[in-house]
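Structure first, commentary second.
A note on names: the letters A, B, ... follow the listed sequences, proteins ahead of strands, and every chain is numbered from 1.
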Protein chains: 2
Amino acid sequence: MKITFKGDYALKAVLDLAMYYDKPQSVDEISKRQDIPYKFLEQILLQLKKGRFVKSLRGRNGGYVLAHKPAQITLGQIVRFVDGPVEPISCAFAAKPSPCNYSGNCVLREVFCDIGKMIAEKVDNITFENLKERQKKNIAKTKKYLDYSI
Amino acid sequence: MKITFKGDYALKAVLDLAMYYDKPQSVDEISKRQDIPYKFLEQILLQLKKGRFVKSLRGRNGGYVLAHKPAQITLGQIVRFVDGPVEPISCAFAAKPSPCNYSGNCVLREVFCDIGKMIAEKVDNITFENLKERQKKNIAKTKKYLDYSI
DNA sequence: TTAATATCCTACTAACTATATCGGAATAAT
DNA sequence: ATTATTCCGATATAGTTAGTAGGATATTAA
């Protein structure tokens, strides 16, 4: 798994939409809040729309909303959709891995398959509802800290 | 963590040298056994030499040997040396991660740091001695299977 | 001494990917 | 009509990946 800027932006955008669930957010708003280049974000959201993760409302007062409840979208879904398989090497997710020597019993492949499963286990069990809640707590903590320090 | 062809080749080369520990193996031999392009492998072994993972013997009958015992070289060392950090995103291993919104308490970063630790835990605890033993078992199994089927 | 067999070193390249930017068309609300 | 928005395709540029090419240097066996 390698998360690119694009993948990172996609995750941030989806999390942003989860925080503002069911109220359409424009590309401009998300772009500013999450510090993502406007035109790049535009592309990403169009891609997410094709993947049916978000829905759009065109025209004035338009914007994007999540296509499903935050609890029904997992981190893994978005990562895979934007940045590809979470396995660290292609032979670990290929349907028919190219045969290594020693008749395909490649120990390295076995290890990377294990790691791939570990990663999948993790990312497939984190929903954007989870992330949203954790984000809220972080904000609360930061706020508290600011209250003391000001 | 993303394992490139180069990284995969490096791991295979080191494992090959572990299988033939203390007997120098030429680039040509490793290249043929592991099905790695000769000239590419040459480069990789030179790099591994600079990293002090292998030693070389020049001239006729020369070749490469491991610089340490297989039990003292981990999968993680080679992966990091050739393909870089095992963390899935740069903010997860950067000394000073660029501040996200919400005052740096980025939940996504937290998740990817967790995953990075999981991966590190795994790759840092697999030595080439482990891999060698597993490889040997796989070969034995394959041999047994062939004995039956022929 | 010479030929063969190795490693060593630097440079080059073609294809692909990442990270955007640009310009405008279509749509909807005011 | 104006403004704010999504939609869409093209372009650009830099970096990475996966090699290849050609020769210099070292060692050894005949």
Gln43(A) or Gly63(A): which one's nearest nucleotide on DNA chain D is closer to the 5' end? Gly63(A)

When the nearest nucleotide of DNA chain D is assigned to Leu45(A) and to Phe5(B) on a heavy-atom basis, which residue is associated with the more 5' position? Leu45(A)

Measure the distance from [atom1] on [X] to [atom2] on [N] and round it to the nearest whole Å.
X        : N       : atom1 : atom2 : answer
Ile3(A)  : dT19(C) : CD1   : P     : 11 Å
Leu57(B) : dT5(C)  : CG    : P     : 18 Å
Tyr64(B) : dT5(C)  : OH    : P     : 18 Å
Ile89(B) : dT19(C) : CD1   : C1'   : 14 Å
Ile44(A) : dT19(C) : CD1   : P     : 9 Å
Glu42(A) : dA26(C) : CD    : P     : 16 Å
Gln47(B) : dT7(C)  : CD    : P     : 17 Å
Leu41(B) : dT7(C)  : CG    : P     : 9 Å

Range on DNA chain D touched by chain B, heavy atoms, distance below 4.0 Å: dT17(D) to dA29(D)

[X] side chain to [Y] side chain, donor-acceptor N/O pair below 3.5 angstrom:
X        : Y         : answer
Gln77(B) : Asp124(B) : no
Ser31(B) : Asp28(B)  : no
Lys6(A)  : Gln47(A)  : yes

Residue whose closest nucleotide on DNA chain C lies nearer the 5' end, Arg58(A) versus Ser56(B): Ser56(B)

Closer to the 5' end of DNA chain C via nearest nucleotide, is it Lys6(A) or Gly59(A)? Lys6(A)

Please determine whether a side-chain nitrogen or oxygen atom of Thr4(A) lies at a distance below 4.0 Å from atom OP1 or OP2 of dT19(C). yes

Within the pair Asn61(A) and dT30(C), is there a side-chain N or O less than 4.0 Å away from OP1 or OP2? yes

List in chain and number order the residues that pass side chain to side chain contact (heavy atoms under 4.5 Å, CB included) with Lys136(B), two or more places apart in sequence or in another chain; answer none if no residue qualifies. Met19(B), Lys132(B), Glu133(B)

What pairs with Lys39(B) under side chain to side chain contact (heavy atoms under 4.5 Å, CB included), at least two apart in sequence or on another chain? Glu42(B)

Need one value for Phe40(B): base, sugar-phosphate or nothing, where a base atom within 4.0 Å counts as base even if backbone is also close, heavy atoms only. base

Students often get this wrong, so: under 4.0 angstrom with heavy atoms, is Tyr38(A) touching a base, only sugar-phosphate, or nothing? base

Value for NZ (Lys12(B)) from CG (Asp35(B)), rounded to nearest 0.5 Å, stands at 7.5 Å

If you measure from CE on Met1(B) to CD1 on Ile119(A), what distance do you get to the nearest 0.5 Å? 5.5 Å

Does Arg60(B) get its side chain close enough to the base of dT5(C), under 3.5 Å, for a donor-acceptor pair? no

Just compare dC9(C), dT21(C), dT7(C) and give me whichever is closest to any side-chain atom of Lys39(A). dT21(C)

Has the side chain of Asp83(A) got a donor or acceptor atom that lies under 3.5 Å from a matching backbone atom of Thr4(A)? yes

